[in-house]
Visitor: 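Below is one structure. I have some questions about it.
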Amino acid sequence: ADWEHLFNRDIISMPDKWEYPWYAAWDSAFHMIPFASLDPYFAKEQALLFLREWYMHPSGQIPAYEWNFSDVNPPVHAWACWRVYQMTGEPGQRDRNFLARTFQKLLLNFTWWVNRKDIRGKHVFTGGFLGLDNIGIFDRSKPLPTGGHLEQADGTAWMAYYCSSMLSIAFELADGNPAYEDMASKFFEHYVAIAEAMNSLDGTGLWDEEDGFYYDHLHLNGMSIPLKIRSIVGLIPLLTVDVLYDRVIDQLPGFRKRMNWFLGYRPDIAESMTYMDSSDEQSHAGGMRLLAIPTRERLERLLRYMLDENEFLSPFGIRSLSKYHQDHPFEYNLNGERLHVAYLPGESDSGLFGGNSNWRGPIWFPLNYLIIEALERYHEFYGDSLRVECPARSGNYLNLQQVADEIRTRLVRLFLVDEDGDRPCYARGHRFINDPYWKDLVLFYEYFHAETGRGLGASHQTGWTALIAPILTTLAARR
């Protein structure tokens, strides 16, 4: 009844025409990245489609997916619009009309998020399952059996990520139209408010200083209880990094004036986040400023987990849940019932979301892709001044561009023929390996076994797993 305006009669990119012949908003956002290189017009029209008045709710909500329009996917649409804009034209020749059209409608969606998903009004967000199905101890798409509500590390980080994407768009549109400078100021300050809350609300925010990780918190009876599950939820704050350029800021005097006032008014925020850090003109990052939820010290602590092969780093990419939980499952006692989350590198053993999807260990392309992009933005600022052990405890130090390429290489390994003539993604037997008609017809699986690389879930998931195409393109350009 809430979506009576909805009129779905369009050509839409589907995750899978066989097993999942329906759209999902965040799937569609990732589809547009490989499409942008193949059919720029289609990519832009798809990005606009979910923002049009016969899809977007009058409240500003984007329909999540066909069986529950009112659910909530991660807000990655602004990022997708910005990337499609960048990928479909050379600087100075890009489709600014497309970008302006998306920006106006994205403002409505951003406001919907702020009004509906910030329960305490403190810039710490809920959101529900947010596309990660069974990743938590509770079904995050339903009211909690404990009462109270979750304050989510991923929901909060996604909103900072939304701000950074909108800030980038506002900067671009402000070139020649100073009316957008105010919106740039708005998203800069909103980003800072979210980052400050995530790091310091009620003392420590969602950060755990002892563990060096971000966790969801159960907010119940005035108490904030960390749910210490080391999952990819706690790595999503890494995605929020944004590089700002002095040459751009200097062309926007209204924004620059407000920014300088704000930085002087709240210098204390720099203690808990990367707060427009800048380097002198002679350094690698001359003329750049960095904005990110974690400080550099916290970033390095998070990377130690992410690049540890006993935690998140698989031979085939970044796991969705740390391998630590294989021997140390997280447990929660709910009225005498013991709930637990354990590392499962393959199929799910849980009935949550039908049991046909698993975020408790396997490799999923969309978040791996965003992690790669974030590492490259960090490297643009830090260069060789930030090198980390990869893998952890190996003695092999890499800059973050090299780390990004290492993750790319591991993802590509899923599809390449190994020394035995096998492709890890086909590790179900020899039917596909030896058949001359099938052996080179590589399927795009929904997700992948974190230890063997075996393809899992939908076997024709040519949706977000098609992100392998730009990954291969980048690695080929490195040669």
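Only heavy atoms go into these numbers, but all of them, side chains included; no hydrogens, no water, no symmetry mates.
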Visitor: Please tell me if the side chains of R478 and R408 come closer than 4.5 Å, counting only heavy atoms from C-beta onward.
Guide: yes
Visitor: Do any pairs count as a ring-ring contact (aromatic ring centres under 6.0 Å, His included) and have a residue in residues 218-237, sequence neighbours left out, and if so which ones?
Guide: H149-H219
Visitor: Output the distance between atom CG (N134) and atom CG (L344), rounded to the nearest 0.5 Å.
Guide: 8.0 Å
Visitor: Using a 6.0 Å cut-off, check whether atom CD of E210 has over 12 heavy atoms from anything other than its own residue.
Guide: no
Visitor: Can you tell if the side chain of W112 reaches within under 4.5 Å of the side chain of I62, non-hydrogen atoms only?
Guide: no
Visitor: I want to know whether Y55 and F50 have ring centres closer than 6.0 Å.
Guide: yes
Visitor: Are more than 12 heavy atoms, taken from residues, nucleotides or ligands other than L38, located less than 6.0 Å from that residue's CG atom?
Guide: yes
Visitor: Would you give the length of the straight line joining atom CG of L307 to atom CZ of R393, rounded to the nearest 0.5 angstrom?
Guide: 11.0 Å
Visitor: If we only count heavy atoms from C-beta on, is the F42 to H31 side-chain gap below 4.5 Å?
Guide: no
Visitor: At their closest point, which heavy atom of I135 faces which heavy atom of W359, and how far apart are they?
Guide: CG1-O, 3.5 Å
Visitor: Tell me whether the count of non-hydrogen atoms from other residues, nucleotides or ligands lying under 6.0 Å of CZ in R116 goes above 12.
Guide: no
Visitor: To the nearest 0.5 Å, what is the distance between CG on L386 and CD on Q401?
Guide: 12.5 Å
Visitor: Listed by chain and number, what are the salt bridge (charged side-chain N to carboxylate O under 4.0 Å, His left out) partners of D242, not counting sequence neighbours?
Guide: none
Visitor: Say you draw a straight line from CG of L400 to CG of L299; how long is it, rounded to the nearest 0.5 Å?
Guide: 6.5 Å
Visitor: How long is the straight-line distance from OH of Y437 back to CG of L441, given to the nearest 0.5 Å?
Guide: 11.5 Å
Visitor: In terms of side-chain geometry, is the basic nitrogen of D308 or R319 positioned less than 4.0 Å from the acidic oxygen of its partner?
Guide: no
Visitor: So for atom NZ, which belongs to K122, do other residues, nucleotides or ligands contribute more than 12 heavy atoms lying within a distance under 6.0 Å?
Guide: no
Visitor: Aromatic contact between Y85 and W82, with the criterion being ring centroids under 6.0 Å apart: yes or no?
Guide: yes
Visitor: Kindly indicate whether the side chain of L201, heavy atoms from C-beta on, has any atom under 4.5 Å from the side chain of R120.
Guide: yes
Visitor: Taking all heavy atoms of P391 and all of R410, pick out the closest pair and write down the distance.
Guide: CG-NH2, 3.8 Å
Visitor: Can R304 and E311 be counted as an ion pair, charged N to O under 4.0 angstrom?
Guide: no
Visitor: Between F444 and F365, is the ring centroid distance below 6.0 Å?
Guide: no
Visitor: Evaluate whether atom CH2 of W22 has more than 12 neighbouring non-hydrogen atoms of other residues, nucleotides or ligands under 6.0 angstrom away.
Guide: yes
Visitor: Side-chain contact, heavy-atom cut-off 4.5 Å: Y161 with I236?
Guide: no
Visitor: Can you confirm whether E189 sits close enough to V192 that some side-chain heavy atom of one is under 4.5 Å from a side-chain heavy atom of the other?
Guide: no
Visitor: Kindly say whether the aromatic ring centers of F30 and W79 come within a distance under 6.0 Å.
Guide: yes
Visitor: According to the interplanar angle, ranging from 0 to 90°, do the rings of Y445 and F448 count as parallel (below 30°), tilted (30 to 60°) or perpendicular (above 60°)?
Guide: perpendicular
Visitor: Nearest heavy-atom pair of P15 and D27: which atoms, and what distance?
Guide: CG-OD2, 3.8 Å
Visitor: Once you measure the plane-to-plane angle for F69 and W3, does it fall in the parallel (<30°), tilted (30-60°) or perpendicular (>60°) bin?
Guide: tilted
Visitor: Rounded to the nearest 0.5 Å, what separation is found between the CE atom of M159 and the NZ atom of K117?
Guide: 11.0 Å
Visitor: Should the pair W364 and Y447 be assigned to parallel (<30°), tilted (30 to 60°) or perpendicular (>60°) ring geometry?
Guide: parallel
Visitor: Should the pair R140-D216 be classified as a salt bridge under the 4.0 Å nitrogen-to-oxygen rule?
Guide: yes
Visitor: Could you list the residues that satisfy side chain to side chain donor-acceptor pair (under 3.5 Å) with E337, not counting sequence neighbours?
Guide: none
Visitor: Take K105 and L108, measure what side-chain contact (heavy atoms from CB on, under 4.5 Å) needs, and give me the verdict at the end.
Guide: CA-CA 5 Å; K105 289 295 188 72; L108 302 178; 4.0 Å; yes
Visitor: Are any of the side-chain heavy atoms of Y214 and I293 separated by less than 4.5 Å?
Guide: yes
Visitor: Could you go through the side-chain contact (heavy atoms from CB on, under 4.5 Å) check for F35 and S13 one step at a time?
Guide: CA-CA 10 Å; F35 262 124; S13 177; 3.5 Å; yes
Visitor: For V72 and F129, work out which heavy atoms get closest and say how close.
Guide: O-CE2, 3.7 Å
Visitor: Determine the minimum heavy-atom distance between T156 and I194, stating which atoms define it.
Guide: O-CG2, 3.5 Å
Visitor: Determine whether the side chains of D202 and S224 contain a donor N or O and an acceptor N or O closer than 3.5 Å.
Guide: no
Visitor: Using the ring centroid of each side chain, check whether Y332 and F138 are separated by less than 6.0 Å.
Guide: yes
Visitor: Looking at every non-hydrogen atom in both residues, tell me the closest pair between P362 and S320 and how far apart they are.
Guide: O-OG, 2.8 Å
Visitor: Mind checking whether L375 and I407 have side chains closer than 4.5 Å, heavy atoms only?
Guide: yes
